[in-house]
Amino acid sequence: MRKLLIGRWTKAGIFLACLLPLASLLWRGLDNGLTANPIEFVTHATGDWTLRFILFTLCVTPFRRLLDLPELIRFRRMFGLFAFFYGCLHFSTYIWLDKFFDLKEVWKDIAKRPYITVGFLAFVLLIPLAITSTAAWIRRLGGRSWQLLHRAIYISAVAGVIHYYWLVKSAVLRPLAYGATVVALLLWRLAAKFRSQPDAERGNPAKPQPQNSQA
Amino acid sequence: MHEKSRLTNADVTPRAAYQNRRKFLRNAGLAAAASLAGREFWELASPSSHAIAGTKLNGVSKSPFSTTEKQNSYDDVTHYNNYYEFGIDKTEPAKNAQSLKTYPWTVSIEGEVKRPRQITIDEILKLAPLEERIYRHRCVEAWSIVVPWIGYSFSVLAKLVEPTEQAKYVAFESFYDRRQMPQATHAGIDFPYVEGLRLDEAMNPLTLLCVGMYGETLPNQDGAPVRMVIPWKYGFKSAKSLVRIRFQNEQPPTTWNRLASDEYGFYANVNPTVDHPRWSQAKERRLGEFFKRETLLFNGYSDQVASLYTGMDLKKYY
Ligand code: HEM
């Protein structure tokens with residue numbers, strides 16, 4: 001398993017897999033498969049995948065610990081950047097195909113419609129994270145402040161779920177399922193923090209915290 | 001795509017079989033069944049068998065109420081549906097609604113009327129000459145379609161049962177059967193679906209009792225076998241698969257209003273100046289078009305219906 005995880009091709013394979021939702025959209029576009037309202041379909045698909053990739057990103061740390069597979073860290077940045085990538089597509093679909101670059105309208109929407117406001121917040125918070133995702137930026141900021149900054153993804157995840165919850169007409173089951181997942185992932189972190197504290201107090205060096213592992 | 005979807009309908013309901021059955025029921029005794037193919041006999045014998053969707057309707061006349069705008073394709077109108085009893089995604093009803101049994105079908109007409117009665121779908125189909133009404137149909141979600149519905153003015157049915165002086169509103173109830181509609185439990189709204197109109201709205205000639213579209217009986221996902229179509233109101237007012245029509249003195253509760261009264265009013269007239277709290281209603285996307293178009297007051301039917309609302313604050317009574 002470890003070998004597989006650090007294998008050269010694994011990362012490339014996962015990278016390609018992350019592109020499948022986009023490929024599926026393009027394929028459907030060519031194959032008349034985007035329903036009678038393609039723009040709505042694309043908005044929803046890209047929104048769904050933005051949220052999913054945020055969740056994948058948040059899953060990495062717990063899975064590393066629970067499965068004792070620290071190698072998983074190799075994929076965290078990739079997932080985060082894909083969340084940003086699909087977020088960009090989602091936002092572009094909205095600006096281009098929904099508002100036709102009428103930026104005044106866009107601003108009005110952001111200011112006036114709570115579901116757009118929180119969606120925008122969720123998206124904007126991802127921008128600095130994407131920019132500072134490189135090793136150079138980690139060095140420049142230092143591990144601690146970098147970690148602190150990257151906790152913004154928690155807010156992004158919560159805001160993304162609220163965005164979804166507020167936009168559905170009645171069928172809240174799916175947004176609630178996403179919400180439950182986010183809550184579980186955040187609670188796990190809280191619990192992990194309390195669990196690791198006594199260790200730290202005892203000054204137990206047996207399990208050093210790997211750098212940048214806890215965003 | 002078009003051909004394919006028609007084939008699908010035909011697959012579910014052999015048109016000829018249904019027509020044969022009706023002719024047969026009318027004209028012949030049971031003995032004649034023996035002369036039919038075994039499969040068709042089975043369909044005749046089992047009352048549980050399927051829908052009447054996709055049967056050609058004959059003798060349909062044109063209507064002056066029709067728009068000349070380009071119609072949406074049959075494929076669009078049958079594969080992009082809000083019919084929450086059959087799933088919340090718009091592509092789901094096309095798949096899930098095929099299990100709906102729409103024959104035999106009876107609608108109960110009751111309440112403040114001199115002649116309450118049960119009326120069968122066969123009677124409804126013959127009650128008045130069928131007209132094709134090509135209407136704009138505007139969804140509250142800011143998309144729209146143009147559909148060649150078939151039916152006749154609801155007032156025909158109303159006059160048949162003679163509403164009393166007490167009748168001020170009409171309440172509509174859609175069919176609901178959890179076994180046939182297992183997806184309904186995830187919809188987040190209460191069923192059966194209920195809707196309503198003020199009596200004068202219901203009696204307006206535009207208000208259509210609809211039994212078909214595109215020259216045929218209604219496909220299940222579009223509200224077979226009989227539904228309402230109220231073209232100047234948001235689509236959710238036009239209840240599908242009707243089983244009960246009740247004339248009454250009080251304003252009836254309506255499904256979406258019950259769920260979120262600040263978002264969905266009883267009137268729900270199409271109005272570009274009254275936004276849904278969460279999105280604008282100023283523009284709409286006509287399916288099949290790239291750019292959005294301006295939404296028209298009363299969906300462009302002001303001439304026929306604006307007088308129903310003179311002196312009413314449309315921002316208050318949204
Ligand atoms: C990280 C940021 C965001 C996430 C995670 C996200 C997620 C989602 C999700 C899950 C959906 C629903 C998809 C479905 O129904 O299947 C959605 C829909 C939508 N989002 Fe976002 N979104 C984000 C940012 C934004 C932004 C910045 C905007 C615009 C300013 C926006 C505008 C919309 C619109 C217009 C819809 C469709 C609403 C409708 O059809 O009623 N989103 N988004």
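These values consider heavy atoms only, across backbone and side chains, with no hydrogens, waters or symmetry-generated copies.
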- Please check if atom CZ in R8(A) has more than 12 non-hydrogen atoms from other residues, nucleotides or ligands closer than 6.0 Å. no
- Message: For a quick test of reading the model, state the closest non-hydrogen atom pair linking A187(B) to S170(A) and the distance between them.
- Response: O-OG, 2.6 Å
- Examine distances only and state if a side-chain atom of R278(B) and a backbone atom of V168(A) form a donor-acceptor pair shorter than 3.5 Å. yes
- NE2 (H44(A)) and CG (D89(B)) are apart, to the nearest 0.5 Å, by 9.0 Å
- Hey, is OH on Y165(A) packed in by over 12 heavy atoms from elsewhere, all under 6.0 Å? no
- Item | 4.5 Å side-chain heavy-atom contact, P277(B) and R113(A) | no
- Applying a strict 4.5 Å limit to non-hydrogen atoms, the region of E105(A) in contact with chain B is neither
- Message: Looking at R178(B), I want to see if its CZ is surrounded by more than 12 non-hydrogen atoms of other residues, nucleotides or ligands under 6.0 Å.
- Response: no
- Heavy-atom contact with chain A under 4.5 Å, split by part of N82(B): side chain
- Item | Ion pair check, E263(B) and K169(A), cut-off under 4.0 Å | no
- Message: Do the side chains of D98(A) and K283(B) get close enough for a salt bridge, i.e. N-O under 4.0 angstrom?
- Response: no
- Query: In Å, rounded to the nearest 0.5 Å, how long is the span from OG1 of T91(B) to CG of N37(A)?
  - Reply: 12.0 Å
- Item | Top contributor to chain B contacts, counting heavy-atom pairs under 4.5 Å, from I39(A), I116(A), D109(A), L167(A) | I39(A)
- Message: Please output the residues of residues 284-298 of chain B in contact with chain A, using a heavy-atom cutoff of under 4.5 Å, in numerical order.
- Response: R285(B), L287(B), G288(B), F290(B), F291(B), K292(B)
- Enclosure of F63(A) CZ (heavy-atom neighbours >12, cutoff 6.0 Å): no
- Item | Inter-residue atom distance D76(B).CG - T35(A).OG1, 0.5 Å rounding | 8.5 Å
- Message: Counting only non-hydrogen atoms closer than 4.5 Å, does L97(A) touch chain B with its backbone (N, CA, C, O), its side chain (CB onward), both, or neither?
- Response: both
- chain A contact via W279(B) - side chain, backbone, both or neither, heavy atoms under 4.5 Å: both
- Counting only heavy atoms closer than 4.5 Å, note whether N72(B) contacts chain A via side chain, backbone, both or neither. neither
- Message: Looking at every heavy atom in both H186(B) and A171(A), which two are closest together, and how far apart are they?
- Response: O-CB, 3.9 Å
